[in-house]
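Read through the structure below, which is laid out as structure tokens, and then see the notes.
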Amino acid sequence: MMQKIQSQSGVAAAALLVAAWAVLTPDAAAQAYPSKNIQMVVPYTPGGSADLMSRTIAQRLGEAWGRNFIVDNRPGASGMIGTEIVTKAEPDGYTLLGHTSSYPATAAVRAKLPFDPAKAIVPVGMLARAPMLVAIHPSVPAKSVKELIALARKNPDKLNYGSSGTGGNNHFSGALFGAAAGVKMTHVPYKGISLAVTAVASGEIEILISSSAALLPQINAGRVRILAVTSREPSPLFPKLPSVAQSGAPGYEYQLWWGVFAPAGMTAERIAFINAAINKIVTGADMKKFLDTQGAEPWSLSTAQLADLLPREIARYKKAAEVAGIQAQ
């Protein structure tokens with residue numbers, strides 16, 4: 001009888017040890033994610049579309065997971081400073097990166113980077129995509145893209161177009177516009193899109209091709225004039241605007257996207273968990289309502305669809321750089 005009791009006690013003790021070990025295993029820890037607050041690095045200045053999109057998804061993920069998201073703006077080097085910070089973080093899901101299509105654009109024209117732009121970070125979810133808008137200062141004597149092109153031809157290199165930094169979306173879209181229209185304009189880089197928007201609204205520069213989200217306050221204030229959208233065809237998001245391609249620059253097309261990334265090395269299970277959470281939010285009515293106000297449409301992708309996104313996008317922008325004549329820096 002005593003031996004049976006001791007045997008049962010041994011079994012119970014072993015069961016307790018197994019239970020304790022399960023709590024400490026990585027699989028159990030993964031199931032508990034997220035167990036603490038999360039940092040969302042935004043490698044651009046506050047106020048731009050990347051900042052706004054990142055803060056919006058961070059807030060909604062925080063509400064869904066019952067955790068706080070700390071949004072950390074780390075601008076500089078056209079988004080590469082903040083990106084490098086994330087490449088050095090633990091790939092555990094507690095440091096995420098809010099980025100845009102500006103990233104592969106910049107990576108495509110950087111001769112040297114302290115990390116591999118196609119492999120050091122991985123996409124975990126897409127948020128939205130949208131065409132850009134061609135904005136000019138109201139003092140520019142052009143009411144259409146055709147008139148703007150005619151003005152630029154009469155004044156080569158006299159019209160200035162701004163950007164959030166060399167190699168970013170605004171630089172690429174402006175340079176490709178010049179190439180498609182056969183005109184020469186002068187590129188003026190700023191340290192962030194909000195500064196470039198302020199510059200075109202004040203008349204410091206004449207042209208800015210940017211997202212609706214970044215331009216919206218100045219549009220509402222009547223400080224900029226919008227001429228066209230950069231999608232190949234007119235966009236249902238902006239039904240009253242023609243496309244640049246049909247307005248004097250055949251073949252021109254440029255679209256933006258926004259997404260969430262993480263340091264390379266994250267487990268497939270954790271990527272899938274975050275991806276599912278983002279996709280649920282992005283496809284919801286609340287997010288669509290918000291994106292409507294930003295002139296963007298929801299864009300959710302599965303982990304399989306995200307697998308080769310960065311290598312593919314960087315290769316595409318390298319070809320675009322050749323067409324636009326943007327030299328590697």
Find the distance between [atom1] ([X]) and [atom2] ([Y]) and round it off to the nearest 0.5 Å.
X: Met266; Y: Thr95; atom1: CE; atom2: OG1; result: 8.5 Å
X: Ser211; Y: Asn169; atom1: OG; atom2: CG; result: 9.0 Å
X: Leu176; Y: Thr230; atom1: CG; atom2: OG1; result: 10.5 Å
X: Leu159; Y: Lys154; atom1: CG; atom2: NZ; result: 12.0 Å
X: Met185; Y: Lys158; atom1: CE; atom2: NZ; result: 15.0 Å
X: Leu148; Y: Lys143; atom1: CG; atom2: NZ; result: 13.0 Å

Nearest heavy atoms of [X] and [Y], plus distance in Å:
X: Leu309; Y: Pro123; answer: CB-CG, 4.4 Å
X: Gly222; Y: Pro138; answer: O-CG, 4.1 Å
X: Thr293; Y: Leu216; answer: O-CD2, 3.5 Å
X: Pro131; Y: Val229; answer: CB-CB, 4.4 Å
X: Ala128; Y: Met53; answer: CB-CE, 4.3 Å
X: Leu237; Y: Gly295; answer: CD1-O, 3.5 Å

Arg60 to Phe290, cation-pi by 6.0 Å centre distance and 45° axis angle: yes
Do you reckon [X] sits in the same ILVMFWY cluster as [Y], going by side-chain contacts under 4.5 Å, direct or chained?
X: Val224; Y: Ile136; result: no
X: Tyr317; Y: Trp258; result: yes
X: Val42; Y: Ile193; result: no
X: Met132; Y: Val183; result: yes
X: Ile281; Y: Val260; result: yes

Just by distance, do the side chain of [X] and the backbone of [Y] share a donor-acceptor pair under 3.5 Å?
X: Arg67; Y: Ile38; answer: no
X: Thr186; Y: Asp157; answer: yes
X: Glu253; Y: Ser231; answer: no
X: Thr100; Y: Ala50; answer: no
X: Glu313; Y: Leu310; answer: no
X: Asn170; Y: Ser164; answer: yes
X: Arg225; Y: Val140; answer: yes
X: Arg153; Y: Ala181; answer: yes
X: Ser202; Y: Ala199; answer: yes
X: Ser243; Y: Arg232; answer: yes

Do [Y] and [X] meet the salt-bridge criterion of a basic N to acidic O distance under 4.0 Å?
X: Asp286; Y: Lys288; value: no
X: Glu322; Y: Lys319; value: no
X: Lys88; Y: Glu84; value: yes

Residue among Thr106, Ile81, Asp72, Leu97 satisfying side chain to side chain contact (heavy atoms under 4.5 Å, CB included) with Pro43: Leu97
Trace of the side-chain contact (heavy atoms from CB on, under 4.5 Å) decision for Ile226 with Ile219: CA-CA 8 Å; Ile226 306 302; Ile219 294 173; 3.8 Å; yes
Is the shortest side-chain heavy-atom distance between [X] and [Y] below 4.5 Å?
X: Glu204; Y: Val188; value: no
X: Phe273; Y: Ile271; value: no
X: Asp51; Y: Asn73; value: yes
X: Leu215; Y: Val197; value: yes
X: His171; Y: Val109; value: no
X: Ile209; Y: Tyr254; value: no
X: Met126; Y: Leu306; value: yes
X: Ser101; Y: Phe172; value: no

Derivation of the side-chain contact (heavy atoms from CB on, under 4.5 Å) call for Tyr94 and Asn37: CA-CA 7 Å; Tyr94 291 100; Asn37 294 336; over 6 Å; no
side-chain contact (heavy atoms from CB on, under 4.5 Å) assessment of Leu52 paired with Gln294: CA-CA 10 Å; Leu52 184 59; Gln294 303 304 311; 3.0 Å; yes
Full working for side-chain contact (heavy atoms from CB on, under 4.5 Å) between Thr83 and Phe115: CA-CA 9 Å; Thr83 302; Phe115 55 88; 3.8 Å; yes
Candidate pair Asn275 and Thr303, rule side-chain hydrogen bond (donor to acceptor under 3.5 Å, both in side chains), full reasoning: CA-CA 7 Å; Asn275 177 257; Thr303 54; 5.1 Å; no
Pair Tyr161 + Phe177: ring centers closer than 6.0 Å: no
Tyr103 and Trp257 aromatic centres sub-6.0 Å: no
Neighbour count >12 (heavy atoms, 6.0 Å) for atom CZ, Arg110: yes
Other residues, nucleotides, ligands: >12 heavy atoms within 6.0 Å of Gln246 CD: yes
